[in-house]
**Student:** 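The structure that follows is given in the form of structure tokens.
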Protein chains: 2
Amino acid sequence: MPSIGETSKRTGVKVPTIRYYEQIGLLPAPGRSAGNQRVYDAAMLERLAFIRHARDLGFPLSDIQDLLAMADDPDRSCAAADVIATRQLASVKARIARLTALQQELERMLTQCSHGTIADCRVIEVLGNHDLCTQDHTG
Amino acid sequence: MPSIGETSKRTGVKVPTIRYYEQIGLLPAPGRSAGNQRVYDAAMLERLAFIRHARDLGFPLSDIQDLLAMADDPDRSCAAADVIATRQLASVKARIARLTALQQELERMLTQCSHGTIADCRVIEVLGNHDLCTQDHTG
DNA sequence: CCTTGAACCTCTAGTGACTAGAGATCCTAT
DNA sequence: ATAGGATCTCTAGTCACTAGAGGTTCAAGG
């Protein structure tokens, strides 16, 4: 029965983060040793691995809460899980689009800079004057 | 001489955010009217527009602090500004790469889902078992 | 001149998802 | 028996805001 440190190593979730998940109710409170230290079983390790993976995929903890509740209830329709994943996909796509616009603007700023003094610096100038942008990177 | 509300409208920075920037020292304290209300001048509006634009481009406030200090000192070399912008560009590129991997994984999860019950749901299953991923989307 | 209501003021606390630190206790190996 | 690392609880800090309470000021209409 692994300690919190061992559990952390096996799942890749940091020790304080595991305690944090317990505190906010995402993980049930584990058993305790005679000396009051947390002891995790296999089901708990799986649950943590699930959380870790979903976090890696960018799901917010509130969504993970919902997904865990579904995983605990295998007979239900998975439509709700699809909704959450679809929403997450849309959010990821939106962020990519936005970041791509930023990337182009930053590259343009940097290639136009003649590396002289601040007075002639294209980086500073563009930041001060949005009209110099080609991309719409607002919003 | 615009009030904080007018300034907000002109720069697109929300009123509480303007006060917040003043509080953390990013914006100097403006003048006040007879009734103790903030009054902004043209230089202040420019400074706020600069901040707004840099935030849109994803710069953290600490970097913006540095960029503003440079903008105030036009004779200096712009090398430091280049360093900040280059760092920001690298960070944006890294985020795009990561998000693109996530996007592919999410799309794969969703296309494989047969829309039945949770027990057969590919979304839930993939989340519970990282070995089912093709992409390396960790880190 | 008076009133209404929007805009303004300060201050505190909450968000998400942790992270850091203090100070105490426990466990393992020598 | 002791040294050290790991664990415990608790509080506070991070980033960039956002929300709310409770009070004041300003501009317009009557």
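Computed over heavy atoms, backbone and side chain alike; hydrogens, waters and symmetry mates excluded. Within every chain, numbering begins at 1; the chains are lettered A, B, ... in the order of the sequence lines, protein sequences first and strands thereafter.
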**Student:** Between the side chain of Q88(B) and the main-chain N/O of L57(B), is any donor-acceptor distance below 3.5 Å?
**Tutor:** yes
**Student:** Without decimals, in angstroms, what is the distance between K9(B) NZ and dC8(C) P?
**Tutor:**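 The answer, rounded to whole Å, is 8 Å.
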**Student:** Tell me the interatomic distance from E22(A), atom CD, to dC18(C), atom P, rounded to whole angstroms.
**Tutor:** 15 Å
**Student:** Quick one: are Y21(A) and R55(A) in side-chain contact, heavy atoms under 4.5 Å?
**Tutor:**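 A side-chain contact under 4.5 Å exists here.
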**Student:** Over how many whole Å does the gap from Q65(A) atom CD to dA17(C) atom P extend?
**Tutor:** 11 Å
**Student:** Nearest to the I4(A) side chain among dC8(D), dC8(C), dA16(D), which nucleotide is it?
**Tutor:** dC8(D)
**Student:** Tell me which nucleotide among dT10(C), dC8(C), dC27(C) gets nearest to the side chain of S33(A).
**Tutor:**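 Of the options given, the side chain of S33(A) lies nearest dC27(C).
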**Student:** Just how far, in rounded Å, is P of dC18(C) from CG of D56(A)?
**Tutor:** 10 Å
**Student:** Only one of E22(B), R19(B), Q37(B) clears side-chain contact (heavy atoms from CB on, under 4.5 Å) with I4(B); which?
**Tutor:**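 Of E22(B), R19(B), Q37(B), side-chain contact (heavy atoms from CB on, under 4.5 Å) with I4(B) is met by R19(B) alone.
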**Student:** For F59(B), answer base if it contacts any base atom (sugar-phosphate contacts may also be present), sugar-phosphate if it contacts only those atoms, and nothing otherwise; contact means non-hydrogen atoms under 4.0 Å.
**Tutor:** nothing
**Student:** Where the side chain of S77(B) meets the backbone of T117(A), is there a donor-acceptor pair that is under 3.5 Å apart?
**Tutor:** no
**Student:** Let me know, please, whether N36(A) or Q23(B) comes out on the 5' side of the other along DNA chain C by nearest nucleotide.
**Tutor:** Q23(B)
**Student:** So does Y21(B) get a side-chain nitrogen or oxygen closer than 4.0 Å to the phosphate oxygens (OP1/OP2) of dA16(D)?
**Tutor:**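 Y21(B) to dA16(D) OP1/OP2: no side-chain N or O under 4.0 Å.
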**Student:** If you check every side-chain atom of P60(A), which of dC17(D), dA17(C), dT19(C) has the closest atom?
**Tutor:** dA17(C)
**Student:** Do R52(A) side-chain atoms and G12(A) backbone N/O form a donor-acceptor pair below 3.5 Å?
**Tutor:**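 Side chain of R52(A) to backbone of G12(A), a donor-acceptor pair under 3.5 Å: yes, one is there.
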**Student:** Think R38(A) has a side-chain N or O under 4.0 angstrom from the OP1 or OP2 of dC27(C)?
**Tutor:**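 No, because none of the side-chain N or O atoms of R38(A) sits under 4.0 Å from OP1 or OP2 of dC27(C).
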**Student:** Please round to the nearest 0.5 Å and tell me the distance separating atom CD1 of I64(A) and atom CD1 of I51(A).
**Tutor:** 6.5 Å
**Student:** As a test of reading the structure: which of dT19(C), dC18(C), dT18(D) is closest to the side chain of K14(A), going by heavy atoms?
**Tutor:**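 Of the options given, the side chain of K14(A) lies nearest dT19(C).
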**Student:** Rounding to an integer number of Å, can you tell me how far L26(A) CG sits from dC18(C) P?
**Tutor:** 9 Å
**Student:** Nearest-Å distance, OH (Y40(A)) to P (dT7(D))?
**Tutor:** 10 Å
**Student:** Looking at dC8(D), dC26(D), dA17(C), which one has an atom nearest to any side-chain atom of Q37(B)?
**Tutor:**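 Selected nucleotide (nearest to the side chain): dC26(D).
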**Student:** Can a side chain N or O of S62(B) be found less than 4.0 Å away from OP1 or OP2 on dC15(D)?
**Tutor:** no
**Student:** Counting just side-chain N and O atoms, does R19(B) come under 4.0 Å of either OP1 or OP2 of dC9(C)?
**Tutor:**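 Looking at the OP1 and OP2 atoms of dC9(C), one of them is under 4.0 Å from a side-chain N or O of R19(B).
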**Student:** Return whichever of R32(B) or T17(A) has its heavy-atom-nearest nucleotide of DNA chain C closer to the 5' end.
**Tutor:** R32(B)
**Student:** Touch check for I24(B), heavy atoms < 4.0 angstrom, all strands: base, sugar-phosphate only, or nothing?
**Tutor:**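 It contacts nothing in the nucleic acid.
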**Student:** Write down the distance between OH (Y20(A)) and P (dA20(C)), rounded to a whole number of angstrom.
**Tutor:**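 After rounding, the gap between these two atoms is 15 Å.
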**Student:** Is any side-chain N or O of S3(B) closer than 4.0 Å to OP1 or OP2 of dC8(C)?
**Tutor:**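 Yes, because at least one side-chain N or O of S3(B) sits under 4.0 Å from OP1 or OP2 of dC8(C).
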